[in-house]
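Numbers for residues simply follow the sequence, beginning at 1.
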Amino acid sequence: MKKGLIKIVAAAMAGLFLLCGCELRPKGTDGPYEFPLTIKADFNEKDKFWQTNGSCKVKLENGKAVITNRKESNAGIAVPCAEYRGNTVNATAMVSSENDSVRLTLTYDIYGNVSYVTVASGDTTADAESQISGNIEIPANAQNAKIYIEASDVRDITVSSFEVSIVGDFNDLTGTPVEELADPTKTASLSAAYADYFKFGVASPASVMTNKNDKFRKLLKTQFNSVTPENELKPENVLDASKCLADPAKYNESPAIHFDAAKPILDYCKKNNIPMRGHTLVWYSQTPSWFFYENYDVNGNLASRELMLKRMENYIDSVMNWCEKNYPGVIYAWDVVNEAAADDGGMRDCYWKQVVGDDYVERAFEFARKHGPSGVQLFYNDYNEYQTSKMGDILTMLRPVAAAGNIDGMGMQSHISSGLDPNNYVNAAKTYADELGVVIHITELDVTAPKSLNPMYDQGVYMKKLFSAIVEAKKAGVPIECVTIWGLTDDMSWKSSTKPLLFYGNLSPKPAYEGVMCALTGGEVAKPADYQEPSSDLTPYYEDFEDKKFHGGPRYSAVLKVVEGGYEGNYCLENSEGYAEYDGYSIDVTQFAGHTIHVSFVIKSKADVCKCTADIDGSWPNIVEVQTGSGEWVTGEGDYKIEEGTTSLSIYFESSDMSPFYIDNIKIEAVD
């Protein structure tokens with residue numbers, strides 16, 4: 001490109017991004033610009049670089065935005081960032097709220113469909129500000145991208161700052177068209193291939209059914225023979241807020257409902273004779289908090305147990321039977337209760353537990369059996385359900401439900417990674433079936449692509465192992481009746497950055513799809529043309545961050561930054577933010593497969609304990625634990641044997657209570 005033209009393009013781009021509220025920075029004294037750096041919401045002026053999201057009101061006070069009169073969980077404010085497609089971005093907000101937590105969510109259009117991806121979440125109080133921050137990759141084919149602030153409860157949120165910025169080099173896709181969609185009818189059908197074993201289902205948003213582009217519907221109809229609505233039958237989309245809040249006396253015991261969101265999916269399934277799983281009746285999340293209060297007033301008192309049981313029964317009755325009356329035979333199974341088990345043991349603390357009590361799960365199934373249409377199966381549904389400790393809690397909770405004859409199936413969500421041993425997974429399915437006398441649905445399957453040299457290929461190899469184990473379990477008598485993939489394409493997934501599904505964003509099949517098919521045919525997943533042979537280089541790995549760079553990466557929503565104050569040199573790595581203690585610094589150690597590694601490091605944190613952990617789904621074995629509560633530098637070291645043939649393994653550092661930690665002088669070496 002000629003020098004004069006470069007100046008014209010740079011000037012045009014500078015004008016464009018200044019108009020959208022972005023900052024520009026020179027890459028060098030006489031070099032080109034990096035575009036753009038940051039979009040900052042300006043709360044001194046209405047709608048300046050931000051917009052209202054959902055049904056709410058926004059008051060500007062002293063440079064802050066106060067979000068009030070929120071009607072649903074997604075009501076908040078958004079920063080549009082459509083020009084950032086194809087980039088990884090960081091979103092950061094300073095918030096205070098009476099909601100227990102607030103989250104940042106990315107939404108975008110993808111070929112006419114709408115997708116939602118959680119960026120980060122954090123605990124909040126009304127008395128002090130909390131920083132919510134995380135990184136997310138926006139798909140290259142995304143349109144109208146924006147990141148918004150929301151909370152599951154509908155209380156007010158005060159925001160003092162909110163910005164979205166580019167992470168790393170800016171990938172300029174300005175003027176670049178989205179990919180052409182592949183013809184989905186050219187790909188062999190999964191549901192036909194697995195017809196002798198189980199239904200092969202998919203989760204879909206209603207936008208697929210209303211989309212002018214029919215290729216997504218063709219993909220659905222070609223590949224799948226069961227459908228689960230992603231959000232459209234969750235309580236917040238079924239409860240009629242306007243009617244309940246306008247006339248609480250009329251709807252006090254029997255809340256008003258509507259099916260505006262779900263009708264497009266119900267209509268499509270009825271017309272095309274595709275059975276549907278109803279998801280979900282009773283859930284702690286995506287159920288508005290006003291539902292649990294006297295007179296539906298969140299500023300009043302919580303409803304009594306007796307009143308809440310009446311509301312629960314009438315809601316379950318009216319939802320199940322409206323669907324059966326208007327769409328007879330379409331819904332063949334309902335997730336009656338979703339995610340009632342806590343991650344740290346026992347039952348999850350939530351409004352249902354607080355208002356009704358520990359028996360709310362039993363009562364929900366009792367009402368569903370009493371009022372549910374004949375022949376419709378009743379399921380409990382949960383995630384991390386294959387983990388031994390959580391499985392024990394779920395079994396304890398469901399045994400009285402099973403004894404009463406009120407449950408037909410266990411829904412295993414199965415949001416997993418390739419670190420999960422397929423044998424442990426199918427053994428968990430067998431345990432549920434044997435202990436409770438129920439059938440098994442795999443309800444929300446997605447598998448995070450490994451951070452390896454060949455992530456798509458390695459994901460495909462794992463999918464062959466996983467589905468081979470599922471098929472063998474079915475042959476051995478484990479009553480697996482349906483497997484549902486949680487989304488049509490990677491770009492539409494709620495975990496889009498992890499590329500967890502069977503089809504690329506352009507509808508073409510991935511090696512993951514091939515792996516699922518190879519589980520039946522016995523074939524091998526084809527190596528791609530750009531396949532890289534795994535390294536056998538056992539050169540020790542060392543990082544002291546003196547070059548101001550880090551060579552690992554964030555786990556989930558961790559925020560990583562090289563900062564001053566190193567243990568011996570000038571710099572170290574700071575790990576902060578995220579939404580769980582396991583959001584930490586991750587390093588790929590696959591090259592050491594078949595060897596014992598020795599890991600050493602220095603670390604400091606105000607957390608009582610920091611850990612180095614092997615990223616093996618379902619067990620997460622600790623390599624070393626370090627007492628760090630003093631906030632001083634502490635040395636940690638430990639050994640770990642990596643199994644021969646491991647195609648992808650990372651280790652990660654984490655803190656016990658999400659406190660930031662600082663790490664330096666990391667060394668990993670083979671010792672055998």
Indicate yes or no: does [X] engage [Y] in a salt bridge with an N to O separation below 4.0 Å.
{"X": "D490", "Y": "K510", "answer": "yes"}
{"X": "K499", "Y": "E137", "answer": "yes"}
{"X": "D382", "Y": "K390", "answer": "yes"}

**Request:** Determine, step by step, whether F43 and F162 satisfy the side-chain contact (heavy atoms from CB on, under 4.5 Å) criterion, reporting the C-alpha distance in whole Å, the side-chain angles of both residues, the deciding distance to 0.1 Å, and the verdict.
**Result:** CA-CA 9 Å; F43 298 132; F162 186 13; 4.1 Å; yes
Test item: [X] and [Y] side chains (from C-beta on) under 4.5 Å apart, heavy atoms:
{"X": "M276", "Y": "L233", "value": "yes"}
{"X": "L60", "Y": "N44", "value": "no"}
{"X": "Y315", "Y": "V238", "value": "yes"}
{"X": "L104", "Y": "I149", "value": "yes"}
{"X": "N381", "Y": "V337", "value": "no"}
{"X": "V282", "Y": "N338", "value": "no"}
{"X": "L445", "Y": "V483", "value": "yes"}

Output yes when a side-chain donor or acceptor of [X] lies under 3.5 Å from a complementary backbone atom of [Y], and no otherwise.
{"X": "Y268", "Y": "V208", "answer": "no"}
{"X": "D617", "Y": "S417", "answer": "yes"}
{"X": "T38", "Y": "K40", "answer": "no"}
{"X": "E179", "Y": "N141", "answer": "no"}
{"X": "R85", "Y": "L173", "answer": "yes"}
{"X": "S605", "Y": "P660", "answer": "yes"}
{"X": "R217", "Y": "N211", "answer": "yes"}
{"X": "D393", "Y": "A341", "answer": "no"}
{"X": "Y380", "Y": "A340", "answer": "yes"}
{"X": "Y84", "Y": "K146", "answer": "no"}

**Prompt:** side chain to side chain donor-acceptor pair (under 3.5 Å) between D156 and T68: does it pass, once the steps are laid out?
**Reply:** CA-CA 5 Å; D156 292 355; T68 66; 5.1 Å; no
Taking atom types as modelled and ignoring hydrogens, do the side chains of [X] and [Y] form a donor-acceptor contact shorter than 3.5 angstrom?
{"X": "H279", "Y": "D335", "value": "yes"}
{"X": "T92", "Y": "E163", "value": "no"}
{"X": "E72", "Y": "Q286", "value": "no"}

Where is the tightest heavy-atom contact between [X] and [Y], given as atom of each residue plus distance?
{"X": "S650", "Y": "D588", "answer": "OG-CA, 3.7 Å"}
{"X": "I265", "Y": "P205", "answer": "CD1-C, 3.9 Å"}
{"X": "E129", "Y": "S160", "answer": "OE2-OG, 2.5 Å"}
{"X": "E232", "Y": "S204", "answer": "OE1-O, 4.1 Å"}
{"X": "S414", "Y": "I442", "answer": "OG-CG2, 3.7 Å"}
{"X": "V89", "Y": "V167", "answer": "C-CG2, 3.7 Å"}

Exceeds 12 heavy-atom contacts within 6.0 angstrom, atom [atom1] of [X]:
{"X": "D100", "atom1": "CG", "result": "no"}
{"X": "K243", "atom1": "NZ", "result": "no"}
{"X": "E61", "atom1": "CD", "result": "yes"}
{"X": "K64", "atom1": "NZ", "result": "no"}

**Request:** Step by step, work out the side chain to side chain donor-acceptor pair (under 3.5 Å) result for D446 and W494.
**Result:** CA-CA 10 Å; D446 49 34; W494 71 298; 2.9 Å; yes
**Request:** Would you sort out whether F216 and M492 count as a side-chain contact (heavy atoms from CB on, under 4.5 Å), showing the intermediate values?
**Result:** CA-CA 11 Å; F216 289 88; M492 294 175 67; 3.7 Å; yes
**Prompt:** Between F653 and R555, is there a cation-pi geometry (under 6.0 Å to ring centre, at most 45° from the normal)?
**Reply:** no
**Asked** Going through the distances and angles, do E581 and S655 end up as a side chain to side chain donor-acceptor pair (under 3.5 Å)?
**Response** CA-CA 6 Å; E581 66 276 5; S655 60; over 6 Å; no
**Message:** Between F503 and Y513, is the ring pair (Phe, Tyr, Trp, His ring centres under 6.0 Å) condition met? List the steps.
**Reply:** CA-CA 7 Å; F503 294 89; Y513 162 90; 5.5 Å; yes
**Request:** Scan F292, W290, Y360, F291 and name whichever one has a ring-ring contact (aromatic ring centres under 6.0 Å, His included) with Y351.
**Result:** F292
**Request:** Mind running side-chain contact (heavy atoms from CB on, under 4.5 Å) on T489 and L501 for me, showing each step along the way?
**Result:** CA-CA 6 Å; T489 71; L501 302 181; 5.6 Å; no
**Asked** So N90 and N135, side chain to side chain donor-acceptor pair (under 3.5 Å) or not? Walk me through it.
**Response** CA-CA 4 Å; N90 172 265; N135 292 355; 2.9 Å; yes
**Request:** Report the residue from K611, M658, E654 that forms a side chain to side chain contact (heavy atoms under 4.5 Å, CB included) with Y582.
**Result:** E654
